[in-house]
Amino acid sequence: MIKKILLSPATAIFTLILVLGIRVSDPTFVESVRLNYFDTLITSAEPVQNNIYTVNIDEDSLEQYGQWPFPRDVYADIIEDLYARNAGLVVFNVLMAEQDRSGQDQVLMDTLSQYPVILPNIPSIESRNTPRQTGAAILNPEYLYTVLQYPGIIANLEQYEQLAIGTGIVNTLPEIDGVNRRIPLVASVNDVLYPALSLEVLRVVAGDISFQIRLSPLGVDKMRIPQFGPITTDSFGRIWIDWSQKSIPAGLTELPEDFGGALVIVSPTAAGISNPVPSSIGAVHPHELQASVIGTMFNGVNIQRPDYADLLELSTMLVVGLLIILLSRFTYVGLGTIIVLVVATVPVSHYLYDTHKMLFDASALIVGIVLVGLHTYGVKFVSEFLQKQAIKKQFEGYASPAVVKLLQENPEIVKQGIKKEVSICFSDLRGFTPLGESFGDDVKGLTEIMNGYMDAITQPVLDNNGMIIKYIGDASMHIHNAPLDDPNHAATAVKTGLQMLRAVEKFNQDVVIPQGRPPVGMGAGINTGLGYIGEMGSTKRHSYDVLGDAVSTTARIESKCKEYGCLLLVGENTVKQCGDEFFFLKIDDLAVKGKSVGVGIYTVLEKMHDTYVWKERCHVRSKNLHDKMHELYRKQDFKGAIKLLEELRGHFDGKMNDYYAMWEERCKYMMKQKLPKDWNGVFVATSK
């Protein structure tokens with residue numbers, strides 16, 4: 001019972017529960033895989049070229065302007081040059097927290113008083129200088145603790161802070177795998193809210209004096225710049241970066257003639273001065289990240305991971321997992337469903353992102369589908385494999401390889417059973433008593449020779465794709481046309497019976513007689529009719545078997561072989577289906593015990609096409625005499641029948657002499673009986 005349960009595809013529900021449990025707990029590796037999948041969605045979009053320039057202070061710039069940091073008058077010249085080239089707004093991403101060692105601060109201050117420039121601040125563990133406080137309209141400020149917190153902030157010199165048109169913090173908030181995908185737009189330092197550099201750029205461009213934010217116990221609820229509109233963030237005030245938003249790179253020494261009113265972000269990129277940060281598209285410099293964030297907001301790209309996404313994904317995984325388990329009973333339907341689901345999941349998530357910018361995780365669902373599918377069909381495969389091995393073990397000694405293969409591939413043939421016409425053969429050993437006496441107490445020797453006899457009569461059955469149903473002591477039972485179809489099963493059964501007789505003769509010549517043992521013989525009965533075939537027996541012990549009236553009739557026919565002096569008796573239905581393929585002789589019209597209606601029984605001497613003598617010699621005349629004798633018998637002319645019996649002795653190479661002797665006794669017995677005039681010649685058996 002336990003084995004049956006363990007080998008049930010339904011046990012895959014435990015794998016489904018495990019997968020759901022892992023997804024709910026969301027360990028690091030699961031979250032990392034999910035985030036990487038989101039990278040594929042976000043980076044798959046077509047690039048969008050924005051009117052934003054990222055001007056790099058690179059190695060060539062250091063060669064031209066000298067040691068870093070440059071004197072502040074150089075900064076002033078750079079800013080003036082950018083505006084001379086028609087820059088729309090300059091973001092000078094260089095922190096100036098100390099006075100210029102060259103004493104050129106005043107020059108830069110003069111420039112900042114003439115040109116709009118946005119400067120950076122850096123969150124830190126301690127504060128330095130007094131940062132410019134951009135006005136922020138905060139609704140529910142008591143929940144300020146829910147946003148990103150820093151203990152301190154490093155600002156520019158106070159004069160720069162006041163002269164700049166805006167300042168914003170430059171920070172990142174890497175995900176669990178260290179990659180920057182979302183950027184917080186606000187941060188709190190000592191209960192003061194500061195905008196990120198990208199948000200500050202948007203405010204300045206929109207021409208607003210402040211941004212607005214509404215907080216709740218769960219975090220950021222809403223955020224907006226009045227002249228620009230709402231900005232959708234998560235509860236931490238973060239936005240997803242749309243990496244398809246591209247800026248135009250330029251070196252400080254190779255500036256374009258006309259920026260065309262573009263936003264220009266200047267930042268150092270020379271080795272040893274600025275370190276790239278990891279992102280979904282690889283390592284990028286901070287101002288390149290800021291350019292993508294600004295482009296994301298400028299173009300109103302609202303990438304979001306809905307609050308209900310986790311619940312929806314878990315629910316989908318549960319429903320799909322149960323569906324796979326339920327459909328596993330239909331092997332190809334279930335496998336097809338798995339393939340369709342796996343193949344369709346990724347395109348669906350891409351569609352939702354492309355059309356609605358919603359991030360749904362296909363990776364967890366695919367892994368769940370695959371794991372549940374592997375468990376379901378792995379168990380199903382093991383169960384079917386063990387079932388096939390059990391069938392092979394059960395039938396390999398009773399059926400040919402072709403039949404065993406059929407049963408392995410279609411185990412329901414065994415389990416469910418069928419009703420069909422079959423040809424049945426019972427065989428029984430003749431001469432066991434003298435054979436057994438010759439061995440005395442040598443049980444092992446007798447067992448070996450009996451096994452050899454069974455091997456001899458079994459091989460013809462297997463060669464003709466018959467099925468051995470059972471061995472009963474020194475007797476056997478086999479069938480044809482089940483489970484393997486045989487349209488000529490009646491003829492096959494008769495052919496097999498003849499081959500079994502030859503096999504016994506050969507067994508005597510090769511094994512029995514050389515040992516000095518008395519030879520054995522075999523009697524067999526064959527009949528054709530409907531049978532109920534399948535696995536039968538008790539719940540604890542069962543086997544492949546066949547039941548039906550045709551089976552019991554066959555057993556009765558076989559039991560009459562010794563009485564009629566024939567080695568092989570064949571029922572009338574079998575004879576009709578064989579046609580003229582064999583040389584049959586009518587033996588009797590017999591009502592076997594338990595039956596009131598008689599059936600014709602025949603013996604078969606040989607296949608018609610194996611030798612020409614049946615048609616070309618005296619056997620045709622002998623058969624005519626034989627049939628005439630039976631006609632006289634049915635007409636109650638017993639004297640005439642006896643006369644023909646005397647003439648028939650020695651015919652058919654003497655093979656029928658025992659039968660004719662028995663039949664002569666029968667005729668003499670019937671002469672003494674008072675038979676009705678309409679007697680049909682049927683002999684009613686009183687014993688099995």
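Residue numbers start at 1 and run along the sequence shown. Computed from heavy atoms alone, side chains included, the values below leave out hydrogens, waters and symmetry copies.
Side-chain atoms of Asn156 never come within 3.5 Å of backbone atoms of Tyr160 as a donor-acceptor pair (strictly under, hydrogens ignored). Without hydrogens or angle criteria, Ser127 side chain to Ile153 main chain gives a donor-acceptor distance under 3.5 Å. Side-chain atoms of Arg23 do not come within 3.5 Å of backbone N or O of Asp310 as any donor-acceptor pair. Of the possible polar contacts, none joining the Asn299 side chain to the Val301 backbone as a donor-acceptor pair under 3.5 Å is found. A donor-acceptor pair under 3.5 Å is formed between the side chain of Asn129 and the backbone N or O of Ala97. Between the side chain of Asp81 and the main chain of Asp77, no donor-acceptor pair closer than 3.5 Å is present. A donor-acceptor distance shorter than 3.5 angstrom exists from the side chain of Ser274 to the backbone of Pro268, with no hydrogens or angles considered. Under a 3.5 Å cut-off, the side chain of Ser32 and the backbone N or O of Thr28 do not form any donor-acceptor pair. Under a 3.5 Å cut-off, the side chain of Thr172 and the backbone N or O of Pro174 do not form any donor-acceptor pair. At distances below 3.5 Å, not a single donor-acceptor pair connects side-chain atoms of Gln133 with backbone N or O atoms of Pro131.
Counting only residues at least two apart or on different chains, no salt bridge (charged side-chain N to carboxylate O under 4.0 Å, His left out) pair has a member in residues 343-366. Evaluation of the side-chain hydrogen bond (donor to acceptor under 3.5 Å, both in side chains) test over residues 59-69, restricted to residues two or more places apart or in two chains, returns Asp58-Ser61. The list of salt bridge (charged side-chain N to carboxylate O under 4.0 Å, His left out) pairs with a residue in residues 257-286, not counting sequence neighbours, reads Arg85-Glu257. Sorted by first and then second residue, the side-chain hydrogen bond (donor to acceptor under 3.5 Å, both in side chains) pairs involving residues 192-218 (not counting sequence neighbours) are Thr134-Glu200, Glu200-Arg203, Gln212-Arg224, Arg214-Asp221.
In this structure Arg132 satisfies the salt bridge (Lys or Arg N to Asp or Glu O under 4.0 Å) test with no other residue, sequence neighbours excluded. Checked against side chain to side chain contact (heavy atoms under 4.5 Å, CB included), Pro141 has the following partners two or more places apart in sequence or in another chain: Ile138. For Asp177, the salt bridge (Lys or Arg N to Asp or Glu O under 4.0 Å) criterion is met by Arg181, not counting sequence neighbours. In this view, Glu254 satisfies the side chain to side chain donor-acceptor pair (under 3.5 Å) rule with no residue, not counting sequence neighbours. Val19 is linked by a side chain to side chain contact (heavy atoms under 4.5 Å, CB included) to Thr15, Met317, Leu371, counting only residues two or more places apart in sequence or in another chain. Residues that satisfy the salt bridge (Lys or Arg N to Asp or Glu O under 4.0 Å) test with Arg182, not counting sequence neighbours, are Glu175, Asp234.
Sparse packing is recorded around CZ of Phe14, with 12 or fewer heavy atoms of other residues, nucleotides or ligands lying under 6.0 Å away. Counted within 6.0 Å of OH on Tyr83, heavy atoms from surrounding residues, nucleotides or ligands total more than 12; the atom is thus considered enclosed.
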Residue pair Thr146, Phe236: steps toward the side chain to side chain contact (heavy atoms under 4.5 Å, CB included) verdict: CA-CA 7 Å; Thr146 60; Phe236 293 102; over 6 Å; no

Residues Asn190, Tyr150; criterion side chain to side chain donor-acceptor pair (under 3.5 Å); working and verdict: CA-CA 8 Å; Asn190 298 323; Tyr150 288 103; over 6 Å; no

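Using the six-membered ring where Trp is involved, Phe298 and Phe228 have ring planes that are tilted, between 30° and 60° apart.
A heavy-atom distance below 4.5 Å is found between the side chains of Tyr37 and Ser349. Counting heavy atoms from C-beta outward, Trp240 and Thr232 have side chains that stay 4.5 Å or more apart. Side-chain contact between Ile273 and Leu62: present, with at least one pair of heavy atoms (C-beta onward) separated by less than 4.5 Å. Between Val90 and Leu263, every side-chain heavy-atom pair lies at or beyond the 4.5 Å cut-off.
Distance check, rounded to the nearest 0.5 Å: CG of Leu16 to CD1 of Ile325 gives 5.5 Å. A distance of 8.5 Å separates CD1 in Ile239 from CD1 in Ile303, rounded to the nearest 0.5 Å. If you take CD1 on Ile339 and OH on Tyr332, they are separated by 11.5 Å, rounding to the nearest 0.5 Å. Separating the OG1 atom in Thr296 from the CG atom in Asn302 is a distance of 10.5 Å, to the nearest 0.5 Å. The distance from the CG atom of Leu41 to the CG atom of Leu352 is 9.5 Å, given to the nearest 0.5 Å.
Checking Leu82, Ile248, Leu89 one by one against Val264, the side-chain contact (heavy atoms from CB on, under 4.5 Å) holds for a single residue, Leu82. Just one of Val320, Leu322, Leu314 meets the side-chain contact (heavy atoms from CB on, under 4.5 Å) condition when paired with Leu318; it is Leu322. With Leu215 as the fixed residue, the side-chain contact (heavy atoms from CB on, under 4.5 Å) test singles out one of Val186, Leu139, Val147: Val147.
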Mind listing the side-chain donor-acceptor pairs of residues 282-292 below 3.5 Å, one per line with the distance, residues two or more places apart or on another chain?
residue : atom : partner : partner atom : Å
His287  : NE2  : Asn56   : OD1          : 2.7
Glu288  : OE1  : His285  : N            : 2.8
Gln290  : OE1  : Asn93   : ND2          : 3.3
Ser292  : OG   : Gln245  : O            : 3.3
Ser292  : OG   : Glu288  : O            : 3.4

Could you list the donor-acceptor pairs under 3.5 angstrom formed between side-chain atoms of residues 106-123 and any protein atom two or more places apart in sequence or on another chain?
residue : atom : partner : partner atom : Å
Gln106  : NE2  : Asp110  : OD1          : 3.0
Thr111  : OG1  : Glu80   : OE2          : 3.1
Thr111  : OG1  : Val107  : O            : 3.2
Ser113  : OG   : Asp110  : O            : 2.5
Gln114  : NE2  : Asp110  : O            : 3.3
Asn121  : ND2  : Glu161  : OE2          : 2.7

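For the residue pair Ser280/Asp39, the side-chain donor-acceptor check at 3.5 Å is satisfied.
Using a cut-off of 4.0 Å between Lys/Arg side-chain N and Asp/Glu carboxylate O, Arg305 and Glu313 are scored as salt-bridged.
Nearest approach of Tyr53 to Ala262, heavy atoms of both residues: CD1-CB, 3.5 Å. Closest of all the heavy-atom pairs between Pro249 and Ser247 is CD-O, 3.5 Å.
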